[in-house]
Amino acid sequence: MTCRPEGRAGDGIYFIWDGEAEVCGPGNPEERSRSEYQLKRYDYFGHGGTNVNLVEQPSVIALSKLTCLVLAKEHCHMLRPKSIWNADGTGSLVENILHLESVEVDLFKGITLPDAPKFGKVFGGQLVGQALAAASKSVDFFKLVHSLHTYFLLVGDFDIPILYRVHRLRDGRSFATRKVEAVQKGNVIFILLASFQKEETGFEHQQVTMPSVPEPESLLSMEQLRERRLTDPRLPRTYRNKVATSNFVPWPIEIRFCEPNNNTNQTKAPARSVLSSHAELLSPDFAQQKPGL
């Protein structure tokens, strides 16, 4: 990948490093205000990429000064590896069945391969895999799927294609959420909700061994901690006034903290709580209401 001098045109794929642009082409001008028509950092455009078969290439207009990295046309094949995004029939059956044809923006078509095992109707893993592949095509490569929910509404027909319509519910800096509807014969037969997250280092909430803690009876209850906070001079006056005017509602499960702190919603603290080894004491009043516990 090379960076061309300012003002010099190139025949290849442009990866935006800094600045913003938008895609302009035939169609309703109101549709071009949608997020998928807006190009930002790490988005790419140009000739030689995945859209080389389009009859009419859309125009890209810079909204600000653009700094781009350019992948020369002779190397654009690297964007089309033999994977689920560009199956050519030489891969495994699983790879080929996940290959989807792009119909238009956020609309894809999947089929049941002739040599795939058939069990009467399309159901289960094929719908999940193809819908997730469709959702992944609308998310930048920094975000990986970390959770999904599926709803099987109707069985599908393996003799006709399945359309996968992607809805972009949310695009954040770290998370993205997608809804995918699988449509056949005008009916929604399957729905997938998937969440994608940028790979990050998370919190560590578990220790190898249980720390030594005092008996719960020797610790202050939540109500006692509240009373102590009302007169604690280290806490902000506004916070103490808010605690004093708020009704105290006991939790159904009594929890006693080994190391109560003075943190409030106005201070920052590490995500750490140490409870007594017998800290979860069932409230007698709650136990009378829920005899099954």
Side-chain angles (χ1 to χ4, degrees), residues 27-28 31 34-38 43 50-51 53 79-200 202-203 205 290 292-293:
N28 188 348
E31 292 185 354
R34 292 159 52 185
S35 61
E36 54 265 33
Y37 288 88
Q38 310 302 310
D43 290 330
T50 55
N51 293 327
N53 295 324
L79 295 178
R80 301 189 296 275
K82 294 179 180 179
S83 68
I84 63 174
W85 308 124
N86 191 39
D88 57 4
T90 60
S92 67
L93 182 61
V94 173
E95 288 180 327
N96 293 334
I97 206 169
L98 292 178
H99 170 60
L100 304 177
E101 178 185 345
S102 178
V103 179
E104 59 179 60
V105 176
D106 292 341
L107 184 63
F108 305 92
K109 181 172 69 175
I111 63 172
T112 303
L113 300 178
D115 53 347
K118 297 181 177 64
F119 303 96
K121 298 293 182 179
V122 178
F123 200 78
Q126 177 178 334
L127 290 171
V128 176
Q130 290 184 335
L132 184 58
S136 300
K137 285 175 174 287
S138 69
V139 179
D140 69 70
F141 63 89
F142 285 106
K143 296 184 179 71
L144 306 176
V145 61
H146 71 92
S147 67
L148 60 87
H149 299 269
T150 60
Y151 303 89
F152 296 90
L153 307 180
L154 299 169
V155 294
D157 187 342
F158 56 72
D159 289 326
I160 61 176
I162 304 173
L163 294 178
Y164 293 92
R165 185 185 303 121
V166 180
H167 300 271
R168 305 185 183 217
L169 303 184
R170 179 177 182 269
D171 278 300
R173 298 180 63 180
S174 299
F175 290 88
T177 307
R178 296 292 184 264
K179 175 184 176 182
V180 182
E181 295 176 337
V183 180
Q184 227 181 24
K185 301 178 181 178
N187 297 318
V188 177
I189 64 173
F190 171 81
I191 295 176
L192 175 138
L193 292 173
S195 180
F196 297 80
Q197 181 185 10
K198 184 171 63 176
E199 198 168 9
E200 302 176 304
F203 294 113
H205 297 285
K290 303 290 185 181
L293 295 177

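Positions are given from 1 along the sequence. These numbers were taken from a predicted model, which means no experiment stands behind them.
Note that CD1 of Ile162 and OG1 of Thr112 are 5.5 Å apart. Values are rounded to the nearest 0.5 Å. With values rounded to the nearest 0.5 angstrom, Ile111 atom CD1 is found 10.0 Å from Leu100 atom CG. Between the OG1 atom of Thr177 and the CZ atom of Arg168 there is a distance of 13.0 Å, given to the nearest 0.5 Å. Taken to the nearest 0.5 Å, the CG atom of Asp106 stands 9.0 Å off from the NE2 atom of His167. A distance of 9.5 Å separates CG in Leu163 from CD in Glu101, rounded to the nearest 0.5 Å. Note: Gln130 CD to Lys109 NZ = 12.0 Å, rounded to the nearest 0.5 Å.
When all heavy atoms are compared, the tightest approach of Ile191 to Lys179 is CG2-CE, 4.1 Å. Closest approach of Tyr164 and Ala134 over heavy atoms only: CB-CB, 4.0 Å. Nearest heavy atoms, Val139 versus Ala176: CG1-CB, 4.4 Å. When all heavy atoms of Phe108 and Val103 are compared, the closest pair comes out as C-CG2, 4.2 Å. Scanning both residues, Phe152 and Gly124, for their nearest heavy atoms gives CE2-N, 3.4 Å. Closest of all the heavy-atom pairs between Leu154 and Val188 is CD1-O, 4.1 Å.
Partners of Ile160 according to the side chain to side chain contact (heavy atoms under 4.5 Å, CB included) rule, which considers only residues two or more places apart in sequence or in another chain, are Asp157, Gln184, Lys185. Not counting sequence neighbours, the partners of Ala135 by the side chain to side chain contact (heavy atoms under 4.5 Å, CB included) test are Arg178, Val180, Phe196.
You'll find the side chain of Val122 stays beyond 4.5 Å of the side chain of Ile189, heavy atoms only. A heavy-atom distance below 4.5 Å is found between the side chains of Leu193 and Leu169. With a 4.5 Å cut-off on side-chain heavy atoms, Asp171 and Asp140 do not count as touching.
Within the structure, the salt bridge (charged side-chain N to carboxylate O under 4.0 Å, His left out) test picks out no pair touching residues 145-154 (sequence neighbours left out).
Taking the six-membered ring where the residue is Trp, Phe175 and His146 present perpendicular rings, their angle passing 60° and hence far from 30°.
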